[in-house]
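Below is one structure, written out as structure tokens; the observations come after it.
None of the values given here were measured: they were computed from a predicted structure. Order of the sequence lines sets the chain letters (A, B, ...), proteins ahead of strands, with each chain counted from 1.
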2 protein chains.
Amino acid sequence: MGRSGETIEPGDGGLVSAAVGAISDHIRRHGLGPGDRLPSEADLSRSLAVSRSVVREALRALSALRLIDLRAGRRALVAELDDGAMSSVIAHGLHTDQITILQVYDVRRTIETRTAALAALHRSDAEAEEIGAHVEAMRSQSDLPERVMEEDLGFHRAIARAARNPVFALIVGSFECVTRQTWPINWRSRTRPEEQIAMIDIHRDIARAIAAGDPGRACEAMARHFDESVRVLAAAGQV
Amino acid sequence: MGRSGETIEPGDGGLVSAAVGAISDHIRRHGLGPGDRLPSEADLSRSLAVSRSVVREALRALSALRLIDLRAGRRALVAELDDGAMSSVIAHGLHTDQITILQVYDVRRTIETRTAALAALHRSDAEAEEIGAHVEAMRSQSDLPERVMEEDLGFHRAIARAARNPVFALIVGSFECVTRQTWPINWRSRTRPEEQIAMIDIHRDIARAIAAGDPGRACEAMARHFDESVRVLAAAGQV
DNA sequence: CAAAGAGACCTGTCTGACAGGTTTTGTGAT
DNA sequence: ATCACAAAACCTGTCAGACAGGTCTCTTTG
């Protein structure tokens with residue numbers, strides 16, 4: 001069979017999955033990086049010898065995985081690493097009762113005690129600053145739960161970034177959807193102001209340990225944070 | 001606005017992403033679980049008031065995320081949790097130089113020291129048996145690198161399963177593509193038989209600690225395993 | 001009652017068409 | 001020669017219709 005360019009091999013599990021593979025290969029073989037443009041749908045249709053429908057479905061699949069960015073009128077671009085796909089997987093697992101929130105928390109504890117330690121070791125001054133700023137914002141807006149939650153999420157994201165390992169950031173980011181569900185439960189169960197302050201204080205301890213460059217203390221404070229959250233969640237009927 | 005069924009709201013970032021959301025919602029609202037059937041493309045096309053092309057692209061996107069299974073002639077099924085999507089994300093990150101192999105190893109170390117400890121706590125006898133069998137198979141086929149690698153991968157997967165937390169299994173599974181690349185490097189750098197045996201012995205130590213129900217020793221042995229792998233990889237120019 | 005066959009249903013793929021973005025080109029003014 | 005702006009070329013998003021081939025179901029038959 002006249003193999004011209006990247007013609008799809010027959011016998012595959014469908015033309016679309018073959019096209020997905022061919023387009024991924026194209027990215028790899030041409031050494032494309034984030035922001036680089038892919039061939040147009042018409043070009044791909046020609047070179048893969050399949051209809052534009054098949055190419056479109058393949059591109060849509062890659063877009064769902066966030067390997068490429070699609071936008072009307074423009075050619076597809078290679079995408080930057082993004083936690084959207086992993087996030088969807090976790091959300092699906094939760095919604096279909098294949099995983100539980102406590103299981104996610106166990107993984108988060110494992111991952112984030114490590115990111116806290118790494119952040120303490122690798123953080124720049126600007127990052128220590130940003131992490132502290134999130135805590136300050138939580139404290140100063142403690143009457144606006146919605147805001148406190150956003151700052152809390154930003155706090156954990158910032159620590160993951162400061163750990164300087166995008167894989168950690170990816171995983172932490174993909175759990176954000178879980179936290180958005182459980183955070184209000186956690187907050188509501190702390191009715192007295194001193195309980196809310198205690199929770200924010202743990203965050204401050206983590207931030208200080210990271211700022212001080214003390215991985216052991218950062219890890220220990222993060223562990224306390226998760227133990228506390230899990231305790232509250234379990235008391236509230238784990239939801 | 002006449003909301004009939006699950007008609008798509010306008011103003012979204014495209015009909016397809018709206019359809020993806022609507023179909024995900026459908027799964028959630030109807031409490032569908034793995035194996036349950038989705039409506040046909042024609043039904044979805046009608047109820048969402050979009051063309052079949054749009055529905056197909058939406059289904060293809062969900063299929064890429066492994067939230068549903070598509071097969072010719074059959075209706076789409078809700079899928080079981082699967083590491084395929086996360087695996088693609090990691091592979092893409094590596095191929096586009098957005099993450100490095102050592103970064104993946106750092107995450108693996110973090111995750112797998114924990115799965116080893118959890119496996120020691122939660123394993124069934126059958127699971128301890130299976131983990132040990134993988135080690136035995138590595139030892140007895142040590143002249144067939146290909147086989148040793150497969151048993152090694154199975155060993156780590158079995159431990160993740162024995163940890164009884166599918167989220168850990170998901171993450172470990174999604175790193176398998178990395179291991180398949182680095183494993184041969186690791187193996188080739190151990191030219192003398194006693195070096196190869198030493199590597200298998202670490203696996204045996206892990207298996208024994210898990211069988212003995214000793215989380216501390218399991219964690220420590222797994223940590224040794226990763227330290228050793230990273231040392232060899234770094235010596236080989238990290239690749 | 002079980003197995004084989006027919007029909008309905010469904011998905012995979014192709015073609016052609018058109019609206020509305022985006023990039024490039026070409027033109028004219030400065 | 002350069003810059004701004006308008007036109008053209010290009011590209012993606014969506015739709016409609018068509019047909020081949022896989023799957024399920026129900027009925028008929030042995």
Which is true for B/Ser40 with a 4.0 Å heavy-atom rule: it touches a base, it touches only sugar-phosphate, or it touches nothing?
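Sugar-phosphate contact only - B/Ser40 comes under 4.0 Å of backbone atoms but never of a base.
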
Should A/Arg74 be listed as having a side-chain N or O under 4.0 Å from OP1 or OP2 of C/dT23?
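Yes, within the criterion.
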
Look at the side-chain N and O atoms of A/Arg56 and state whether any lies under 4.0 Å from the OP1 or OP2 oxygen of D/dG13.
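Yes, A/Arg56 has a side-chain N/O under 4.0 Å of OP1/OP2 on D/dG13.
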
Regarding [X] and [Y], does a basic nitrogen lie under 4.0 Å from an acidic carboxylate oxygen?
X: B/Arg46; Y: B/Asp43; answer: yes
X: A/Glu41; Y: A/Arg56; answer: yes
X: A/Arg74; Y: A/Asp69; answer: no

Spacing between [X] atom [atom1] and [N] atom [atom2], to the nearest angstrom:
X: B/Arg75; N: C/dA8; atom1: CZ; atom2: P; result: 17 Å
X: A/Asp69; N: D/dT12; atom1: CG; atom2: P; result: 14 Å
X: B/Leu70; N: D/dG22; atom1: CG; atom2: C1'; result: 14 Å
X: A/Leu15; N: C/dT13; atom1: CG; atom2: P; result: 4 Å
X: A/Leu38; N: D/dC10; atom1: CG; atom2: P; result: 20 Å
X: A/Arg37; N: C/dT23; atom1: CZ; atom2: C1'; result: 8 Å
X: B/Glu57; N: D/dT14; atom1: CD; atom2: P; result: 7 Å
X: B/Glu41; N: D/dG22; atom1: CD; atom2: P; result: 17 Å

State which of C/dT13, D/dC15, D/dG13 makes the closest approach to the side chain of B/Arg60.
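It is C/dT13.
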
Options C/dT13, C/dT24, D/dT14, nucleotide nearest the side-chain atoms of B/Val16
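Nearest listed nucleotide: D/dT14.
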
Distance alone, cut at 3.5 Å: any donor-acceptor contact between the side chains of B/Arg108 and B/Ser229?
no

Heavy-atom distance under 4.5 Å between the side chains of B/Glu136 and B/His203, does that happen here?
no

Classify the side chain of A/Arg52 versus the base of D/dG13 as yes if they form a donor-acceptor pair under 3.5 Å and no if they do not.
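When only heavy-atom distances are counted, A/Arg52 does reach the base of D/dG13 through a donor-acceptor pair under 3.5 Å.
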
Let me spell it out: for each of A/Ser51 and A/Arg71, pick the nucleotide of DNA chain C with the closest heavy atom. Which residue's pick is nearer the 5' end?
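Closer to the 5' end of DNA chain C: A/Ser51.
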
Nearest-nucleotide wise, let me know which of B/Asp43 and A/Ser53 is further upstream toward the 5' end of DNA chain C.
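This one resolves to B/Asp43.
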
